[in-house]
Protein chains: 2
Amino acid sequence: MNARRPYKREGEEARRAALIRATLDCIAEGGPQAATVRAIALKAGVTQGLIRHYFATKEELIAAAHETLMTGLTEGSLARLDDLPADPLARLAGFIGNAVSPPVVDPRAMALWAASMQLVPRDPAMRAVHEATYLAFRDRLEAMIAQALRAAGKAPGPGESRAFAIAGNALLDGLWIEASLLPEHFTEGEMKSIAIKAFERLLDLKLPE
Amino acid sequence: MNARRPYKREGEEARRAALIRATLDCIAEGGPQAATVRAIALKAGVTQGLIRHYFATKEELIAAAHETLMTGLTEGSLARLDDLPADPLARLAGFIGNAVSPPVVDPRAMALWAASMQLVPRDPAMRAVHEATYLAFRDRLEAMIAQALRAAGKAPGPGESRAFAIAGNALLDGLWIEASLLPEHFTEGEMKSIAIKAFERLLDLKLPE
DNA sequence: TTGGCAATTATGCAAGCGTATAATTTAGGC
DNA sequence: GCCTAAATTATACGCTTGCATAATTGCCAA
């Protein structure tokens with residue numbers, strides 16, 4: 001008579017977080033097709049039935065994992081801003097530097113991001129999450145750009161600010177992808193320098209560092 | 001007594017090409033998980049058993065499809081370069097405009113690209129293909145930027161040209177992704193205008209159109 | 001100490017998957 | 001016009017998947 005596996009009760013938050021972390025690990029290691037209910041449960045140290053207790057469907061778990069990933073990436077770029085001087089130009093420069101340097105630049109994160117992008121066009125939930133996180137990031141960038149320009153006495157026109165944010169966001173996205181996908185083609189310092197100089201020319205600003 | 005489905009014999013090349021095309025269609029429409037043997041066979045207008053007659057395993061078919069996709073994308077972008085005007089400034093502007101407008105901007109291409117990106121960090125062959133196509137594209141852009149700058153009497157410094165190409169490539173990639181992923185957030189004209197203006201400021205150039 | 005309830009495990013199921021193999025049809029050489 | 005080899009269809013098998021449900025266990029209140 002095999003004894004039933006012993007277990008510990010965990011708070012709802014902790015369990016959900018553990019399941020999401022296990023999901024992201026599975027996707028990062030073997031792609032979305034490797035993130036089966038059984039594999040996720042194994043990695044999280046629970047049995048598969050528990051997943052359905054916290055997420056009505058696997059799709060729901062995947063969407064939650066995507067949201068966690070994206071907000072994590074966004075916050076990674078914003079996290080160390082508090083260490084920088086309040087000067088708007090230094091803040092913008094620091095933000096740009098963070099976005100194209102480790103730990104934001106990371107092959108694992110890149111693989112997860114690519115997996116998510118693939119789902120966005122056909123899964124409404126994923127699309128909504130992407131839209132929200134994309135706009136949140138872009139709005140932060142737009143505000144920072146506007147403050148930096150004002151600090152330099154070059155207040156942007158109404159539509160100009162939006163265009164700067166769209167282009168700046170695209171620039172950071174592209175550099176992040178390149179740095180994450182082919183890291184040995186660039187040194188960390190080079191990427192940072194290219195990003196800062198590109199923003200300087202884009203905004204006609206002199207940025208510190 | 002149901003009659004057995006009638007069929008036509010096709011040349012090996014044609015059948016392999018049809019199966020690969022059907023595979024890419026399936027991936028574009030429903031992601032890799034939708035590219036099942038049965039779905040591919042249905043879309044190709046054959047029965048599933050035939051697939052194994054041309055490809056020993058499904059993995060082999062997927063690999064062939066990815067190779068076809070990547071070489072097709074590379075050749076497509078290189079071919080479009082020849083259709084552009086000879087004047088360096090108009091040439092660069094036209095190239096930028098094309099890169100952020102249909103048919104280059106295309107949800108199907110985006111989905112396929114995301115599926116490939118996902119494999120790059122894990123699969124050395126995919127990584128090699130990506131590296132080669134990325135560098136080929138970037139080198140072409142670098143040459144066009146250098147010619148445009150020279151035409152405007154602003155020859156770039158040695159390291160400057162590389163930095164412009166990396167940043168410009170990142171900018172185009174990012175805008176292409178945004179436009180493909182959230183098309184209703186931008187009008188075609190807006191994206192084109194943003195891209196051209198961003199390059200004008202980045203390179204300190206006046207571009208036509 | 002002990003109920004009781006929610007958290008967790010355990011088991012089962014139907015559907016879809018890739019693959020194997022046998023049966024049949026097509027097309028071309030003779 | 002038939003005969004043969006290859007192309008294609010048809011069928012079946014074993015496995016994995018996501019999901020459902022029953023059985024058990026851990027924990028907290030009383």
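- Pairing each heavy atom of A:Ile20 with each of A:Ala65, the nearest pair is CG2-CA, 3.7 Å.
- Sorted by first and then second residue, the salt bridge (Lys or Arg N to Asp or Glu O under 4.0 Å) pairs with a member in residues 91-105 of chain B form an empty list; sequence neighbours excluded.
- In this structure, the side chains of B:Leu69 and B:Ser116 come closer than 4.5 Å at one or more pairs of heavy atoms.
- Among all heavy-atom pairs drawn from A:Leu203 and A:Leu92, the shortest one is CD1-CD2, 3.9 Å.
- For the segment residues 10-24 of chain A, residues with any heavy atom less than 4.0 angstrom from an atom of DNA chain C are, sorted by number, A:Glu10, A:Arg15.
- Surrounding NZ of A:Lys197 are at most 12 heavy atoms belonging to other residues, nucleotides or ligands under 6.0 Å away.
- Axis angle, first five pairs versus last five pairs of the helix from C:dT1-D:dA30 to C:dC30-D:dG1: 0°, rounded to 10°.
- Between A:Arg5 atom CZ and D:dT24 atom C1' there is a gap of 14 Å when expressed in whole angstrom units.
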Below 3.5 Å between N/O atoms, which protein atoms pair up with nucleotides 21-23 of chain C? Just atom names and distances, please.
from   : atom 1 : to     : atom 2 : distance (Å)
C:dA23 : N3     : B:Arg4 : NH2    : 3.2

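- The shortest heavy-atom contact between B:Trp176 and B:Ala99 is CD1-O, 3.6 Å.
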Enumerate the protein-to-nucleotides 2-6 of chain D contacts in which both atoms are nitrogen or oxygen and the separation is below 3.5 Å.
from  : atom 1 : to     : atom 2 : distance (Å)
D:dA6 : N3     : B:Arg9 : NH2    : 2.1

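- Between B:Thr36 and C:dC17 there is a side-chain polar atom (N or O) within less than 4.0 angstrom of OP1 or OP2.
- Legend: side chain to side chain donor-acceptor pair (under 3.5 Å) pairs involving residues 6-22 of chain B, not counting sequence neighbours: none detected.
- In this structure, B:Ala198 and A:Ala167 approach most closely via the heavy-atom pair CB-CB, 4.0 Å.
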Could you list all N or O pairs between the protein and nucleotides 28-30 of chain C that sit under 3.5 Å apart?
none

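- For the pair A:Ile40 CD1 and D:dC19 P, the computed distance is 11 Å after rounding to whole Å.
- Taking only side-chain nitrogens and oxygens, B:Tyr54 never comes nearer than 4.0 Å to OP1 or OP2 of D:dA7.
- Ranking D:dC13, D:dT9, D:dC19 by closeness to the B:Arg38 side chain, first place goes to D:dC13.
- Shown here is A:Arg140, whose CZ atom has no more than 12 heavy atoms of other residues, nucleotides or ligands within 6.0 Å.
- Without hydrogens or angle criteria, A:Arg122 side chain to B:Gly30 main chain gives a donor-acceptor distance under 3.5 Å.
- In terms of heavy-atom proximity, B:Ser180 sits nearest to B:Met110 at CB-CB, 3.7 Å.
- When ring centroids are compared, B:Phe199 and B:Phe164 stay outside the 6.0 Å threshold.
- One atom, CG of B:Leu50, and another, P of D:dT9, lie 6 Å apart when rounded to the nearest Å.
- The residue among B:Gln33 and B:Lys8 whose nearest nucleotide of DNA chain C lies closer to the 5′ end is B:Gln33.
- Not counting sequence neighbours, the partners of A:His185 by the side-chain hydrogen bond (donor to acceptor under 3.5 Å, both in side chains) test are B:Glu131.
- Within the structure, every pair that satisfies the side chain to side chain donor-acceptor pair (under 3.5 Å) test and touches residues 93-113 of chain A, not counting sequence neighbours, is listed here: A:Asp25-A:Arg108, A:Arg80-A:Asn98.
- Contact check for B:Leu171 versus B:Ile96: no side-chain heavy atoms found under the 4.5 Å cut-off.
- Listed by residue number, the members of residues 56-67 of chain B with any heavy atom below 4.0 angstrom from DNA chain C are B:Thr57, B:Lys58.
- Of the two residues contacting DNA chain C, namely A:Pro6 and B:Val37, the nearest-nucleotide position lying further toward the 5' end is that of A:Pro6.
- The closest donor-acceptor contact from the side chain of B:Gln48 to the backbone of B:Arg38 lies at 3.5 Å or more, if one exists at all.
- Listed by first and then second residue, the side chain to side chain donor-acceptor pair (under 3.5 Å) pairs involving residues 54-70 of chain A amount to none (not counting sequence neighbours).
- Among residues at least two apart or in separate chains, side chain to side chain donor-acceptor pair (under 3.5 Å) pairs with a member in residues 157-171 of chain A are A:Glu142-A:Ser161, A:Arg162-B:Glu190, A:Asn169-B:Glu178.
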